[in-house]
Novice: 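Pasting a structure here, questions to come.
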Amino acid sequence: MQLIRLTYASVARPGLDYDELTSILRQATIRNDELGMTGILCYSGNAFLQAIEGRRSEVNRLYLRIAQDPRHSSCELLSCSEIDARDFADWSMKLVSWEGTLTAQRRALLLRHARTASLEPWTMTARQAQGFLLALAELERKQPAA
C-alpha cells in the first residue's frame with residue numbers, strides 16, 4: 001500500500017468556536033478511522049496546521065474536501081510526499097489547540113522550528129512545519145491523559 005503525508009496551512013473563519021472545533025475533531029476521527037488515515041491538527045488563533053497520512057487516493061479526496069470547507073480559507077499546501085512509515089500513527093486525528101494556553105514548552109517548539117512565538121504556519125517551510133508537528137506530537141504523547 002502506497003502511503004503519503006500531506007501537510008497544509010489555512011486561516012480559520014473568524015468566530016470559529018470551541019464547539020465547532022470539537023465537531024471537526026469528532027467527524028475527522030470517525031471518518032479517518034474508517035479510511036485508515038492518521039494525522040494531527042494544530043489550531044491556534046486564526047491558524048490551522050494539519051498533517052494527514054494514508055493511501056494517496058484517500059488523502060487526495062480528503063484534501064479536496066478540506067480545501068472547500070467554509071470553516072477556513074486560504075488553504076495552502078505545504079508538502080505532499082510518499083512515506084515509508086506514519087509519523088502520527090497513534091491518532092486517527094489528534095487535535096492540539098492552545099487558545100489562551102500557550103505553554104512554555106509549546107512556545108519553545110514554535111521558536112525552535114518556526115522562529116516565531118505564535119503559530120503562523122503559512123510562513124513555515126515544509127521542513128519547519130514537519131519538524132514542528134513531529135516535536136509537538138512527541139510532547140503530546142508525553143502529556144498525562146486528561
Side-chain angles (χ1 to χ4, degrees), residues 3-56 58-81 83 85-114 116-146:
L3 296 174
I4 67 168
R5 179 179 309 109
L6 183 147
T7 304
Y8 76 91
S10 66
V11 177
R13 176 184 49 77
L16 183 74
D17 64 22
Y18 184 76
D19 289 339
E20 287 177 287
L21 197 56
T22 56
S23 175
I24 292 169
L25 177 64
R26 273 193 310 275
Q27 293 168 8
T29 299
I30 292 167
R31 184 164 181 85
N32 290 359
D33 192 47
E34 291 171 355
L35 297 173
M37 297 194 320
T38 55
I40 187 168
L41 172 63
C42 185
Y43 172 75
S44 181
N46 68 337
F48 284 113
L49 175 63
Q50 183 172 19
I52 307 164
E53 302 167 326
R55 290 184 305 275
R56 179 193 316 258
E58 300 296 341
V59 172
N60 285 333
R61 272 194 287 278
L62 177 59
Y63 181 68
L64 290 173
R65 282 194 12 250
I66 287 170
Q68 296 175 12
D69 190 318
R71 293 174 290 197
H72 64 160
S73 62
S74 304
C75 207
E76 185 173 329
L77 183 65
L78 300 178
S79 67
C80 185
S81 58
I83 57 174
R86 297 172 190 251
D87 286 334
F88 309 106
D90 301 350
W91 308 300
S92 56
M93 185 49 59
K94 172 69 174 175
L95 172 65
V96 180
S97 172
W98 61 66
E99 279 310 289
T101 60
L102 185 57
T103 65
Q105 291 173 311
R106 288 175 174 173
R107 188 178 310 280
L109 290 180
L110 276 170
L111 288 170
R112 182 172 357 128
H113 293 281
T116 181
S118 61
L119 183 64
E120 300 171 12
W122 45 88
T123 67
M124 294 178 171
T125 66
R127 182 173 292 199
Q128 287 172 322
Q130 181 65 12
F132 170 70
L133 288 173
L134 284 171
L136 185 61
E138 187 61 32
L139 180 64
E140 289 298 308
R141 288 181 184 105
K142 292 177 182 178
Q143 299 297 318

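Keep in mind that this is a model prediction, so the values were computed, not measured.
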Novice: Could you state the interatomic distance from CD (Gln50) to OH (Tyr43), rounded to the nearest 0.5 Å?
Specialist: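 Spacing of CD (Gln50) from OH (Tyr43) equals 14.0 Å.
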Novice: Is there a side-chain contact between Phe132 and Leu119 (heavy atoms, below 4.5 Å)?
Specialist: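 Side chain of Phe132 against side chain of Leu119, heavy atoms only: contact under 4.5 Å found.
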Novice: With sequence neighbours left out, write down each residue that passes side-chain contact (heavy atoms from CB on, under 4.5 Å) with Ile4, or none if nothing qualifies.
Specialist: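 Once residues adjacent in sequence are excluded, the partners of Ile4 under the side-chain contact (heavy atoms from CB on, under 4.5 Å) criterion are Arg56, Val59, Asn60, Cys80, Glu82.
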Novice: Which residues pass the side-chain contact (heavy atoms from CB on, under 4.5 Å) test with Asp90, sequence neighbours left out?
Specialist: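 Asp90: side-chain contact (heavy atoms from CB on, under 4.5 Å) contacts with Arg141.
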Novice: If the condition is side chain to side chain donor-acceptor pair (under 3.5 Å), which residues does Ser23 pass it with, not counting sequence neighbours?
Specialist: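 For Ser23 the side chain to side chain donor-acceptor pair (under 3.5 Å) partners, ignoring immediate neighbours, are Gln27.
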Novice: Does any pair with a residue in residues 6-24 pass salt bridge (Lys or Arg N to Asp or Glu O under 4.0 Å), and if so which ones, sequence neighbours excluded?
Specialist: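 Every salt bridge (Lys or Arg N to Asp or Glu O under 4.0 Å) pair that includes a residue of residues 6-24, provided the two are not neighbours, is Arg13-Glu20.
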Novice: Can you name the closest pair of heavy atoms from Leu35 and Arg55 and give their distance?
Specialist: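 Taking every non-hydrogen atom into account, O-NH2, 3.4 Å.
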Novice: About how many Å separate CG of Leu21 and CG of Leu16, when rounded to the nearest 0.5 Å?
Specialist: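 The CG atom of Leu21 is 6.0 Å from CG of Leu16, to the nearest 0.5 Å.
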Novice: Quick one: side-chain contact (heavy atoms from CB on, under 4.5 Å) partners of Ser74, sequence neighbours excluded?
Specialist: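 With neighbours one apart ignored, the set is Val11.
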Novice: Apply side chain to side chain contact (heavy atoms under 4.5 Å, CB included) to the pair Leu41 and Leu25, showing each step before the final yes or no.
Specialist: CA-CA 9 Å; Leu41 172 63; Leu25 177 64; over 6 Å; no
Novice: Between Met124 and Ala114, which heavy-atom pair has the shortest distance, and what is it?
Specialist: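 Scanning both residues completely, I find the closest heavy atoms to be CE-CB, 3.4 Å.
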Novice: Side-chain contact test, heavy atoms from C-beta onward, threshold under 4.5 Å: evaluate it for Leu136 versus His113 and give yes or no.
Specialist: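 In short, these two side chains do not touch, never coming nearer than 4.5 Å.
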Novice: Using the side chain to side chain donor-acceptor pair (under 3.5 Å) criterion, which residues pair with Arg112? Sequence neighbours excluded.
Specialist: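 Arg112 satisfies side chain to side chain donor-acceptor pair (under 3.5 Å) with no residue once adjacent residues are dropped.
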Novice: Using the salt bridge (charged side-chain N to carboxylate O under 4.0 Å, His left out) criterion, which residues pair with Arg61? Sequence neighbours excluded.
Specialist: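 Checked Arg61 against salt bridge (charged side-chain N to carboxylate O under 4.0 Å, His left out); matches are Glu58.
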Novice: Please give me the minimum heavy-atom distance between Pro121 and Ala47, naming the atom from each residue.
Specialist: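 In terms of heavy atoms, the two residues are closest at CD-CB, 3.6 Å.
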Novice: Between Ile40 and Val96, is there a side-chain heavy-atom distance shorter than 4.5 Å?
Specialist: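 SC-SC contact between Val96 and Ile40 confirmed.
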Novice: Apply side chain to side chain contact (heavy atoms under 4.5 Å, CB included) to the pair Leu95 and Thr29, showing each step before the final yes or no.
Specialist: CA-CA 10 Å; Leu95 172 65; Thr29 299; over 6 Å; no
Novice: Looking only at non-hydrogen atoms, find the nearest pair between Ser92 and Asn32 and report the distance.
Specialist: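 Looking at all heavy atoms of both residues, the shortest contact is O-ND2, 3.0 Å.
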Novice: Apply side-chain contact (heavy atoms from CB on, under 4.5 Å) to Thr125 and list each qualifying residue two or more places apart in sequence or on a separate chain.
Specialist: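 For Thr125, the residues satisfying side-chain contact (heavy atoms from CB on, under 4.5 Å) (neighbours in sequence not counted) are Arg127, Gln128.
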Novice: Apply ring pair (Phe, Tyr, Trp, His ring centres under 6.0 Å) to His72 and list each qualifying residue two or more places apart in sequence or on a separate chain.
Specialist: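 Checked His72 against ring pair (Phe, Tyr, Trp, His ring centres under 6.0 Å); matches are Phe48.
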Novice: So do the side chains of Ile52 and Ile66 get within less than 4.5 Å of each other, counting heavy atoms only?
Specialist: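 With C-beta onward as the side chain, the pair touches.
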Novice: Please identify each residue that fulfils ring pair (Phe, Tyr, Trp, His ring centres under 6.0 Å) with Tyr63, with sequence neighbours left out.
Specialist: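 Applying ring pair (Phe, Tyr, Trp, His ring centres under 6.0 Å) to Tyr63 gives Tyr8.
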Novice: Suppose the criterion is salt bridge (Lys or Arg N to Asp or Glu O under 4.0 Å): which pairs have a residue in residues 25-53, not counting sequence neighbours?
Specialist: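 Applying salt bridge (Lys or Arg N to Asp or Glu O under 4.0 Å) to every pair that reaches into residues 25-53, excluding sequence neighbours, yields Arg5-Glu53.
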Novice: How many angstroms lie between CG in Asn46 and OG in Ser10, if you round to the nearest 0.5 Å?
Specialist: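 Rounded to the nearest 0.5 Å, the CG-OG separation comes out at 9.5 Å.
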Novice: Just to verify, what does Glu120 make a side chain to side chain donor-acceptor pair (under 3.5 Å) with, not counting sequence neighbours?
Specialist: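 With sequence neighbours excluded, Glu120 shows a side chain to side chain donor-acceptor pair (under 3.5 Å) to Ser118, given in chain and number order.
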Novice: Mind checking the OG-CG spacing from Ser44 to Leu110? Nearest 0.5 Å is all I need.
Specialist: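 Reported value, rounded in 0.5 Å steps: 7.5 Å.
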